[in-house]
Novice: 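Quick one: structure below, then a few questions.
Just so you know, residue 1 is the first one in the sequence shown, and it goes up from there. Whatever order the structure lists ligands and atoms in, that order sets their numbers, starting from 1.
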Amino acid sequence: MASDASAATTRITPAALLSRKGGEPIVCLTAYTYPIARLLDPHVDLLLVGDSVAMVLHGHKTTLGATMDMMISHGQAVMRGAARACVVVDMPAGSYEDSIENALASAQRIVRETGCDAVKLEGGVAIAAQIAAIVAAGIPVMGHIGLLPQSVEKEGGYKIKGRSDANIAALHADARAVEAAGAFSVVIEGTVEPVAADISAMLAIPTIGIGASPRCDGQILVIDDAIGLTVDRVPKFVKEYALLRDIVSDAAESYAKDVRARAFPGPEHLFSPSKDKA
Ligand code: KIV
C-alpha cells in the first residue's frame with residue numbers, strides 16, 4: 001500500500017543507519033520518481049536517487065549521461081514521495097572529481113535544492129579529500145567502491161573487482177579511505193563475494209552490497225531491475241521480484257485492441273449531459 005508522504009513521519013537518518021552496523025540488514029532500492037517513492041517508502045530503509053536514472057529512465061548508454069539538473073529534478077520528486085526512508089542523491093560524474101571546491105559546491109546545491117539526507121560519490125582514495133570536506137560541511141556522505149559505473153569508459157567496460165591481489169589491496173585501501181573520511185556507509189558494487197565479505201567485516205560503517213555479498217550490512221538493487229521493468233540485458237546479480245515488462249506490454253496490447261474495436265471508452269467512462277448522472 002502507498003504511504004502518504006505528507007503524514008507526519010520520522011525520517012530514518014544516516015546516523016540511525018550507521019548505528020545498524022552488524023544488525024538487521026539495511027534495505028535499499030533506487031527510486032527516481034514520485035509514485036515509485038510513495039510505493040517503496042513503507043518497505044525500505046533507504047532510497048537512492050542513483051545516477052543510473054540516466055540509463056533507466058533517460059535511455060543513456062552509461063551513467064555518464066547524468067547531469068546535476070537531472071539528479072536534482074529526480075531528487076525533488078523522490079523527496080515529495082518519501083516520508084520515512086533516508087533519501088540519498090548521487091553526485092553525477094564531473095560534479096566532484098576535479099576539486100574539493102567543486103565537490104562541496106555540488107553537494108551543497110543538491111542538498112539545498114532537494115532537501116535530501118545525504119549524497120553519494122564514487123571512489124575511494126582518489127576522492128577521500130572530497131568526502132571529508134563534504135562531511136565537514138555537515139552533509140552526510142555514502143561512499144561507493146568496487147565496480148564504479150562512472151569509470152566504465154576509462155576502464156573499457158564493467159569489470160568485476162577483487163580478482164587479483166593488487167586489486168584486493170586497492171579495494172581495502174579504498175574502503176579504509178572512505179571510512180576514515182567520515183562516510184556513514186559505503187556501497188560495494190560488482191566485487192567477488194569473499195572480498196566484499198572481508199571488507200564488511202573490516203569496516204565499522206555499514207556496507208551495502210550490489211553484486212557483492214549477503215554478508216554486507218545491507219543490499220541495494222536498481223528498482224526497474226527488481227520489478228522486471230528492465231527491457232535490455234538484466235545483470236547476473238539481479239533477482240526479479242516481479243515481471244512488470246510483461247504486465248505493461250499485455251496492458252498496452254489490450255488497450256490497443258479495445259480502442260481499435262471501439263470497446264473503450266465504455267459507458268461507465270463517459271460523462272452524461274445531466275450533472276447528477278456524471
Ligand atoms: O546509480 C545507482 O543506481 C547506484 C546503485 C547501483 C548503487 O549507484
Side-chain angles (χ1 to χ4, degrees), residues 14 17 25-33 36-37 40 44-68 70-75 77-78 82 85-97 106-107 110 114 116 118-124 127 131 141-153 155 158-161 174-175 178 183-191 196 199-200 205-213 216-227 229-230 232-240:
L17 295 176
I26 299 170
V27 181
C28 314
L29 280 168
T30 69
Y32 317 114
T33 63
I36 290 290
L40 303 185
V44 303
D45 299 306
L46 184 147
L47 288 173
L48 171 69
V49 185
D51 59 356
S52 50
V53 67
M55 302 171 73
V56 175
L57 290 195
H58 294 266
H60 287 276
K61 287 268 177 278
T62 72
T63 60
L64 296 171
T67 63
M68 280 289 282
M70 189 187 285
M71 298 314 302
I72 286 168
S73 169
H74 288 284
V78 169
C86 180
V87 176
V88 179
V89 176
D90 255 344
M91 297 185 66
S95 72
Y96 63 91
E97 309 90 319
S106 300
I110 289 171
T114 67
C116 69
V119 295
K120 177 165 81 60
L121 292 72
E122 291 186 10
I127 54 137
I131 295 177
V141 170
M142 181 178 223
H144 186 150
I145 63 169
L147 188 158
L148 305 178
Q150 291 178 7
S151 303
V152 62
E153 285 183 359
E155 297 213 345
Y158 295 98
K159 307 269 165 67
I160 298 303
K161 302 296 177 184
D174 282 342
V178 167
F184 75 90
S185 66
V186 60
V187 168
I188 304 178
E189 178 165 358
T191 298
I199 292 172
S200 298
I205 59 173
T207 58
I208 307 297
I210 175 162
S213 169
C216 289
D217 299 291
Q219 301 295 326
I220 188 163
L221 282 176
V222 166
I223 182 60
D224 288 54
D225 287 344
I227 61 177
L229 203 46
T230 300
D232 297 321
R233 196 183 71 88
V234 178
K236 171 189 167 70
F237 56 79
V238 167
K239 178 171 175 181
E240 295 188 313

Novice: Could you tell me if the side chain of Ile208 sits less than 4.5 Å from the side chain of Val186, heavy atoms only?
Specialist: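 The answer is no, as the side chains (C-beta and beyond) never meet within the 4.5 Å cut-off.
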
Novice: Quick one: are Phe184 and Val141 in side-chain contact, heavy atoms under 4.5 Å?
Specialist: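 No, side chains not in contact.
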
Novice: Measuring from atom OG of Ser151 to atom CD of Glu97, what distance do you get when rounded to the nearest 0.5 angstrom?
Specialist: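 Those atoms lie 8.0 Å apart.
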
Novice: So, the side chain of Thr207 versus the backbone of Ser200: is there a donor-acceptor pair under 3.5 Å, distance only?
Specialist: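 No, Thr207 side chain to Ser200 backbone: no donor-acceptor pair under 3.5 Å.
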
Novice: Between ligand 1 and the protein, find all N/O pairs closer than 3.5 Å and give the distance for each.
Specialist:
from	atom 1	to	atom 2	distance (Å)
ligand 1	1 (O)	Asp51	N	3.1
ligand 1	1 (O)	Asp51	OD1	2.9
ligand 1	1 (O)	Ser52	N	3.1
ligand 1	1 (O)	Ser52	OG	3.3
ligand 1	1 (O)	Asp90	OD2	3.1
ligand 1	3 (O)	Ser52	OG	2.5
ligand 1	8 (O)	Lys120	NZ	2.9

Novice: Might you work through the salt bridge (charged side-chain N to carboxylate O under 4.0 Å, His left out) test for Lys161 and Glu155, ending with a clear yes or no?
Specialist: CA-CA 12 Å; Lys161 302 296 177 184; Glu155 297 213 345; 2.7 Å; yes

Novice: Can Asp225 and Thr230 be said to form a side-chain hydrogen bond (donor to acceptor under 3.5 Å, both in side chains), step by step?
Specialist: CA-CA 5 Å; Asp225 287 344; Thr230 300; 2.5 Å; yes

